[in-house]
Every structure is written in C-alpha cells, then in structure tokens.
2 protein chains.
Amino acid sequence: MPKYYDELDAVLRALADPTRRAVVERLAMSPAVVTELAAPFPMALPSFMQHLSVLENAGVITSEKHGRVRTVSLRPGALDILHLWLGEQRTPAEHQADRLGIHLARAAAAPTPKDT
Amino acid sequence: MPKYYDELDAVLRALADPTRRAVVERLAMSPAVVTELAAPFPMALPSFMQHLSVLENAGVITSEKHGRVRTVSLRPGALDILHLWLGEQRTPAEHQADRLGIHLARAAAAPTPKDT
C-alpha cells in the first residue's frame with residue numbers, strides 16, 4: 001500500500017467528524033489561538049485538544065506555541081491530497097462534461113466572427 | 001446539525017478505507033458486476049459485500065439486480081458533497097491564487113493587441 005494511501009486514510013478519518021470539520025472551516029478563514037478556537041464547542045478543553053491532535057497527526061493543521069499561547073493554522077495544501085484523489089474519480093461522463101465546459105468557455109472567450 | 005453534515009460524515013467514513021476507495025476507483029471507469037468487482041481483493045465475499053454495503057448506505061454507489069447478477073455503479077454526483085465542502089475550505093491565500101489563475105487564463109484566451 002503506497003504512503004499516499006495512508007495519508008489519505010488519515011485525512012479522511014480526521015474529516016469524518018463534525019467538530020473537526022468545524023475547526024477546519026474556522027481555520028480556513030485565519031489562524032486562531034486554541035482558547036478562541038475552542039470557545040464555540042460545548043466540550044471540555046481536553047476533549048477538544050484530542051480533536052486538534054487527530055487533525056495535527058493527519059497533517060491537516062499545524063500549531064505553534066509562543067509563551068503560553070498556542071496558535072493553530074490550517075496547513076497550506078493540507079487538503080490537496082483529497083482534491084487530487086477526488087479529481088481522479090471523475091467518471092467518463094463527467095470528463096465529457098468537463099471537456100464541453102472547457103470548449104464553451106473557450107468559445108465564449110474567443111472573438112466572434114463579427115468582432116474580427 | 002444539518003442533514004448535509006450527516007451525509008458528509010457518511011461519505012468521509014466510507015472513503016476512509018483503502019478497499020472501499022479502490023472500489024470507487026474501479027467504478028469511476030465503468031459499472032461492474034459484484035463477482036468481477038470482488039475478484040482483485042484478497043478477502044471472503046461476505047467481507048467484500050460488507051464494504052459495498054457501507055458505500056451504498058453512504059450513497060456513494062448504487063446496485064441493481066438482474067436475475068442472479070448484481071451490477072454496481074458509482075452514483076452520479078456521489079462525491080459532489082465532498083467537492084463542495086472542500087471548495088469552501090479554501091484559505092484567503094488560495095482564493096487569491098485562484099483569482100490570479102482566472103486572470104491569467106483570461107489574458108491568455110483574449111486576443112493580444114497585435115491580433116486586432
């Protein structure tokens with residue numbers, strides 16, 4: 001099993017939880033300190049830290065400690081592996097629709113005969 | 001919790017397994033009958049059927065029985081919910097990169113001054 005598959009497993013498992021997805025949604029806007037990040041969630045801080053740890057182990061987030069404050073960020077390109085895999089699962093019909101879309105976009109961007 | 005979140009949970013959990021992802025990869029090419037689909041996997045048919053059942057319950061695949069033959073297909077648009085969620089998690093830096101990409105694509109498609 002290639003390493004890519006293990007990474008994908010970890011990312012998918014990390015995202016298969018509403019709390020962890022909510023953390024990702026929040027961090028997509030900007031990095032945040034842990035206490036601020038934890039505030040909207042109705043759970044004890046150790047439980048919340050457990051969720052952060054799953055996300056960090058999967059490489060979805062990173063964190064940095066300055067003095068007593070820990071700041072958490074979405075890791076740049078963290079979800080690329082999932083984008084890539086999803087892109088590969090397009091069916092022949094979807095590929096055909098993609099090609100049609102590209103053709104139409106090009107046709108719309110190109111000068112029409114009356115413009116030339 | 002909106003229904004969308006439950007669906008997303010089910011899809012992510014279904015995909016967080018290498019066997020089930022391999023099934024999705026195979027079905028992205030074309031529908032397949034169960035026996036053909038199961039052949040490459042080193043497991044008993046009941047275990048394999050269990051994986052198919054997880055994928056079907058998550059709405060990722062559909063199956064149809066004709067006589068004694070069951071054919072399995074990827075459900076059209078099955079992974080759209082995941083595409084949608086991933087698209088929403090783009091960071092401000094990624095949005096900026098998207099806009100630059102769109103600008104460059106338009107500039108490349110537009111007629112250059114010497115063409116006019």
Side-chain angles (χ1 to χ4, degrees), chain A residues 1-31 54 58 60-61 73-95 97 102 105-112 115-116, chain B residues 1-31 54 58 60-61 73-95 97 102 105-112 115-116:
Chain A
M1 200 65 70
K3 190 170 165 288
Y4 167 82
Y5 267 78
D6 292 340
E7 275 179 49
L8 203 45
D9 266 5
V11 169
L12 287 163
R13 283 203 197 106
L15 297 178
D17 174 277
T19 297
R20 294 196 291 264
R21 279 201 308 279
V23 168
V24 171
E25 288 166 7
R26 167 62 192 82
L27 294 176
M29 292 186 286
S30 69
V54 173
V60 176
I61 65 169
S73 317
L74 207 57
R75 191 173 66 77
L79 305 175
D80 286 359
I81 194 171
L82 193 46
H83 266 294
L84 191 72
W85 186 82
L86 274 178
E88 285 167 1
Q89 307 327 314
R90 300 185 75 69
T91 63
E94 286 169 327
H95 278 297
I102 291 166
R106 277 192 190 142
T112 57
D115 289 339
T116 52
Chain B
M1 200 65 71
K3 192 172 164 283
Y4 167 82
Y5 267 77
D6 293 340
E7 275 180 49
L8 203 46
D9 266 6
V11 169
L12 288 162
R13 283 203 197 107
L15 297 178
D17 174 277
T19 298
R20 294 196 291 264
R21 281 202 305 279
V23 168
V24 171
E25 289 166 6
R26 167 59 192 83
L27 294 177
M29 293 187 284
S30 68
V54 173
V60 176
I61 64 169
S73 318
L74 208 57
R75 193 173 64 77
L79 305 175
D80 287 359
I81 194 171
L82 192 45
H83 266 293
L84 192 73
W85 186 82
L86 275 178
E88 284 167 1
Q89 305 330 312
R90 301 186 73 71
T91 62
E94 287 169 327
H95 279 296
I102 290 166
R106 276 192 192 144
T112 59
D115 289 339
T116 52

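Proteins come first, then strands; the chains are lettered A, B, ... in the order of their sequence lines, and each starts at number 1.
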B/R26: salt bridge (charged side-chain N to carboxylate O under 4.0 Å, His left out) partners, not counting sequence neighbours: B/E36
Top of B/L79, B/L15, B/L86, B/L27 for chain A proximity - count of heavy-atom pairs under 4.5 angstrom: B/L86
Options B/M29, B/R21, B/R13, ranked by heavy-atom pairs under 4.5 Å with chain A, top entry: B/R21
Heavy-atom side-chain contact between A/R75 and A/V60 under 4.5 Å: no
Proximal component of B/L74, with respect to chain A [non-hydrogen, under 4.5 Å]: side chain
B/E25 and A/Q89, any side-chain heavy atoms less than 4.5 Å apart: yes
Check: B/V24 and A/W85 side chains under 4.5 Å, non-hydrogen atoms: yes
Winner by heavy-atom pair count (cut-off under 4.5 Å) against chain B, out of A/V11, A/L82, A/D9: A/D9
